[in-house]
Amino acid sequence: MARILAVANQKGGVGKTTTSVNLAAGLAKAGKRVLLVDLDPQANATMGSGVDKRKLARTVYHVLLGLGEVTSIRVTAAAAGYDLVPANRELAGAEVELVDLPNREGRLRAALATVERDYDYILIDCPPSLSLLTVNALVAAEEVLIPMQCEYYALEGLSDLVGTIKRVRGNLNPRLEIAGLLRTMFDPRNTLAHQVSQQLEQHFGDKVYRTLVPRNVRLAEAPSYGAPAVTWDQASKGAQAYLALAEEVLRRAG
Ligand code: ATP
Ligand code: MG
């Protein structure tokens, strides 16, 4: 059975998608069978996996609305080494259309149950909001991986996310836990980054991943080559950090 991880933070641009595609590729490199679900209408995880969002007839939108099976909609992201349930702009409409459907928060969970046996890991790249899409991811997942930048307002935003996780745990998914907090785009020369990083460790202890992802331009360039940095430039500092994260995730799974 797959271990299902939602990569979530309602704050935009903190590294959710970069983490999703590179962790997926890192786990695949370690020999794991991985499915990545793109749950963001921006479809950055789709493009970053080397799949052209403009050429897709069916996507995660159809999965959520019950218009197609995961087994017929998933594609192989060959360059990246994992399977992908892709997204495109159409997903933006799902938010509204889901509201009147039965089991609106549990639709992704039900859909993923049909393929759980095919994978060791299923990662879900969430949009930058605490919307019904993100709630679907939190209901489907056992654990949440929270990427964050060590900035002044980072901790404040975290309390909203932790509140949402608690509510989902209370109402919809009692097994949900925080897998870990990942410090992204870390700049060791920045004093504030160190302070926020220390505060994080004080508040969350072992829940903070040891792995620090540095700011590294190769991670930002990789999407334009249609592959995660982990496969496209494995020697880069950014890729090495995500390979270390994959190891840490595997180690923590015990
Ligand atoms: P959104 O909330 O819009 O979905 P996100 O949280 O998924 O954003 P990313 O898209 O992963 O964040 O990253 C935001 C930008 O920062 C992207 O341009 C990405 O290439 C770049 N980026 C992410 N991580 C790093 C890093 N460690 N070093 C340098 N650039 C990075
Ligand atoms: Mg993103």
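Counting convention: from 1, in listed order, for ligands and their atoms alike.
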- Query: Which heavy atom of the protein is the closest neighbour of atom 1 (P) of ligand 1, given with residue, atom name and distance?
  - Reply: G13 N, 3.5 Å
- Write out the residue and atom name of the closest protein heavy atom to atom 12 (O) of ligand 1, then the distance separating them to 0.1 Å. G15 N, 3.0 Å
- Task: Pull out every atom of ligand 1 sitting under 4.0 Å from any heavy atom of Q42, numbered as shown with elements.
- Result: 1 (P), 3 (O), 4 (O)
- Item | Protein contact for atom 25 (C) of ligand 1 (heavy atom, distance under 4.0 Å) | yes
- Query: Could a heavy atom of A45 be found less than 4.0 Å from some atom of ligand 1?
  - Reply: no
- Considering only heavy atoms, does P214 approach ligand 1 within less than 4.0 Å through its side chain, its backbone, both, or neither? backbone
- Counting heavy atoms only, which part of N216 comes closer than 4.0 Å to ligand 1: side chain, backbone, both or neither? backbone
- Message: Using modelled atom types and a 3.5 Å cut-off, is there a donor and acceptor pairing between side-chain atoms of T114 and backbone atoms of A110?
- Response: no
- Any sub-3.5 Å donor-acceptor pair from N216's side-chain atoms to G238's backbone N or O? yes
- Query: Looking only at protein heavy atoms, which one is nearest to atom 30 (N) of ligand 1, and how far off is it?
  - Reply: A220 CB, 3.8 Å
- Message: Just verifying a value: how many Å separate L91 CG and L64 CG, rounded to the nearest 0.5 Å?
- Response: 6.5 Å
- Transitively linked via ILVMFWY side-chain contacts under 4.5 Å: V144 with V249? no
- Backbone N or O of A229 within a donor-acceptor pair of the D233 side chain at under 3.5 Å? no
- Task: Keeping the roles fixed (side chain from K53, backbone from T46), state whether a donor-acceptor pair exists under 3.5 Å.
- Result: no
- Query: Hey, is G238 one of the residues with a heavy atom under 4.0 angstrom from ligand 1?
  - Reply: no
- Between the side chain of S49 and the main-chain N/O of V51, is any donor-acceptor distance below 3.5 Å? no
- Check whether L243 and L23 end up in the same hydrophobic cluster, where Ile, Leu, Val, Met, Phe, Trp and Tyr are linked by side-chain heavy atoms less than 4.5 Å apart. yes
- Message: Given 3.5 Å as the limit, does a donor-acceptor pair link the side chain of S129 with the main chain of Q10, or not?
- Response: no
- Query: Does atom 18 (O) of ligand 1 have any protein heavy atom closer than 4.0 Å?
  - Reply: no
- Message: Between ligand 1 and T17, is the shortest N or O to N or O distance under 3.5 Å?
- Response: yes
- For atom 5 (P) of ligand 1, find the nearest protein heavy atom and state the residue, atom name and distance (0.1 Å precision). K16 N, 3.4 Å
- Listed partners of F186 passing ring-ring contact (aromatic ring centres under 6.0 Å, His included), at least two apart: H194
- Item | Under-4.0 Å heavy-atom contact with ligand 1, by part of V217 that carries it | neither
- Task: Kindly confirm or rule out an N or O of G12 lying under 3.5 angstrom from an N or O of ligand 1.
- Result: no
- Item | Main-chain N/O of P147 paired to N9 side chain as donor or acceptor, under 3.5 Å | yes
- Query: Would you say P128 has any N or O atom under 3.5 Å from an N or O of ligand 1, going by distance alone?
  - Reply: no
- Item | For atom 23 (C) of ligand 1, closest protein heavy-atom neighbour | T18 OG1, 3.3 Å
- Query: Relative to the heavy atoms of L219, which atoms of ligand 1 are at a distance of less than 4.0 Å?
  - Reply: 26 (C), 27 (N)
- Item | N/O donor-acceptor pair under 3.5 Å between D40 side chain and A43 backbone | no
- Query: Quick one: which ligand 1 atoms are inside 4.0 Å of a heavy atom on D40?
  - Reply: 4 (O)
- With a 4.0 Å cut-off on heavy atoms, is T184 touching ligand 1? no
- Message: Would you say the Mg ion (ligand 2) has T17 as a near neighbour, meaning an N/O/S atom of that residue under 2.8 Å away?
- Response: yes
- Under the ring-ring contact (aromatic ring centres under 6.0 Å, His included) test, residues paired with Y225 that sit two or more places apart: W232
- Task: Give the numbers and elements of all ligand 1 atoms closer than 4.0 Å to a heavy atom of V14.
- Result: 5 (P), 6 (O), 12 (O)
- For V213, the ligand 1 atoms with a heavy-atom partner under 4.0 Å come out as 27 (N)
